[in-house]
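Let me begin by presenting the structure, written as structure tokens, before commenting on it.
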Amino acid sequence: ADTLGSAAARTGRYFGTAIDASKLDDPVYTTIAGREFDMVTPENGMTIDATEPRQGQFVFTNADRIVDWAAQNGKRVRGHTLLWHSQQPQWLVNLSGGALRQAMLDHVDGVMTHYKGKIYAWDVVNEAFADGTGARRNSNFQRTGDDWIEAAFRAARAADPAAKLCYNDYNIEDWTSAKTQAVYAMVKDFTSRGVPIDCVGFQAHFGSGSPYPDLRTTLRNFAALGVDVQITELDIPSAPAATYAAVVGDCLAVPRCAGVTVWGVRDPDSWRSGDTPLLFDGDGGKKPAYTAVLDALNAA
Ligand code: G3I
């Protein structure tokens with residue numbers, strides 16, 4: 001196969017990218033995205049500040065542009081993200097206690113209902129654990145009670161039973177880290193108690209130190225809990241070809257690894273553009289990492 005999406009599809013997987021609505025008018029961008037990827041994640045269009053800028057008043061302008069573009073081009077969508085400590089509108093920041101808990105659940109319901117039946121998987125909760133420890137991140141949501149994540153997943157299942165429900169985080173790729181172990185314990189607890197969760201997203205915003213020998217072990221161990229695993233926001237400084245191929249190989253080695261998403265199309269589109277971490281250069285040319293990833297997919 002001669003594109004990332006079609007090569008991944010040979011293995012029953014997808015290959016996706018983050019898409020920003022502001023770039024859908026750029027023909028170089030849409031040509032590459034349309035050709036190479038078969039899964040799309042809105043990079044900014046579905047954050048809480050974008051979709052509910054005033055309480056109870058939902059705005060889907062940018063998110064709809066991306067979801068419509070995906071539908072017109074035959075691509076599936078990962079919804080990103082319903083509940084995150086970042087990108088919160090001021091009205092939400094000002095709430096606490098029971099009012100915040102209710103607003104949180106209403107947000108999940110409002111956004112998921114708008115997109116009911118159109119989303120492959122939702123990042124229901126994003127980045128709820130602290131770095132360096134096994135503790136929860138001290139966010140406003142967390143201060144409504146330890147059970148906020150469970151409540152969010154239950155509300156999400158009720159709103160759109162067809163969507164896969166994911167927990168998504170970074171720095172959980174190394175199996176031995178306290179953060180990874182804490183997320184694993186939560187997912188294990190959820191699956192054992194019947195709290196609805198279908199997938200775990202490993203963002204994979206990697207540093208330049210490589211490779212990542214534990215990633216495959218981590219993916220396998222989470223998958224053994226009975227959830228899908230996904231690489232959701234992959235980027236690696238300087239885009240070393242061998243490291244990119246190894247990460248994709250780790251997904252290919254795990255039957256329940258559903259697919260890989262890179263966090264942007266061309267290097268200048270990246271949130272860390274100075275690191276040139278993506279598969280296409282500023283002119284839209286394929287970088288060595290592109291070829292390495294395509295070859296890895298085709299070899300599977
Ligand atoms: O939309 C405004 C624009 O109107 C304004 O002129 C401009 C000036 O700075 O800012 C624009 O908003 C920015 C937005 O990206 C769109 O470009 C925000 O300031 C900026 O904070 C935002 O950054 C995003 C970041 O999340 C924070 O939301 C990045 O694009 C996005 O790649 C990054 O993605 C996150 C994932 O969602 C979660 N995991 C980590 C990952 C990297 O931080």
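Worth knowing before you read on, the calculation uses all heavy atoms, side chains too, and leaves out hydrogens, waters and symmetry mates. Note that this is a predicted model, so its numbers are computed, not measured.
A salt bridge is defined here as a Lys NZ or Arg NE, NH1 or NH2 lying under 4.0 Å from an Asp or Glu carboxylate O, and R266 with D26 meets this definition. A salt bridge links R256 with D228: the closest approach of a Lys/Arg side-chain nitrogen to an acidic carboxylate oxygen falls below 4.0 angstrom. Salt-bridge annotation for K287 and D267: present, with a side-chain N of the basic residue lying under 4.0 Å from a carboxylate O of the acidic one. Using a 4.0 Å cut-off between charged nitrogen and carboxylate oxygen, K118 and D160 do not count as a salt-bridge pair. Ion pairing between a basic and an acidic side chain is recognised when a charged N comes within 4.0 Å of a carboxylate O; K164 and D198 show no such pairing. The pair R76-D38 does not count as a salt bridge, with every side-chain nitrogen at least 4.0 angstrom from each carboxylate oxygen. Under a 4.0 Å N-O distance rule, the pair D25/R65 qualifies as a salt bridge.
Side-chain atoms of Q230 and N168 form no donor-acceptor pair, as typed in the model, at a separation below 3.5 Å. Using a 3.5 Å distance cut-off with no hydrogens or angles, the side chains of Y170 and D131 do pair a donor with an acceptor. Side-chain contact, N126 with Q203: a donor N or O sits under 3.5 Å from an acceptor N or O. Side-chain contact of T11 with R13: a donor-acceptor pair under 3.5 Å is present, judged by distance alone. Between the side chains of N94 and Q90, at least one donor N or O lies within less than 3.5 Å of an accepting N or O. No donor-acceptor contact under 3.5 angstrom links the side chains of S273 and S270, judged on distance only.
By the 6.0 Å contact criterion, NZ on K23 is enclosed, its count of non-hydrogen atoms from other residues, nucleotides or ligands being greater than 12. For R193, the CZ atom is densely surrounded, since the number of other residues' heavy atoms within 6.0 Å is greater than 12.
Taking CD of Q55 as the reference point, atom CD of E52 lies at 6.5 Å (rounded to 0.5 Å). Separation of atoms CZ (R220) and CG (L225) is listed at 14.5 Å; rounding is to 0.5 Å. Taken from NZ in K188 to CD1 in I197, the straight-line distance is 14.5 Å, to the nearest 0.5 Å. Residue L83 holds its CG atom at 5.5 Å from CE of M104, rounded to the nearest 0.5 Å.
Side-chain rings of Y184 and W175 approach one another, their centers coming within less than 6.0 Å. Taking the centre of each ring, Y14 and Y120 come in below the 6.0 Å mark. Taking the six-membered ring for Trp and the full ring otherwise, the centers of Y167 and F190 sit at least 6.0 Å from each other. Checked against the 6.0 Å centroid threshold, H205 and W271 count as a close aromatic pair.
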Kindly determine whether N138 and H85 satisfy side chain to side chain donor-acceptor pair (under 3.5 Å), including the steps that lead there.
CA-CA 9 Å; N138 180 13; H85 65 275; over 6 Å; no
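Paired with R35 under the rule side chain to side chain contact (heavy atoms under 4.5 Å, CB included), one option of D2, N73, T3 passes, and it is T3.
Distance alone, capped at 3.5 Å, places no donor-acceptor pair between the T180 side chain and the T176 backbone.
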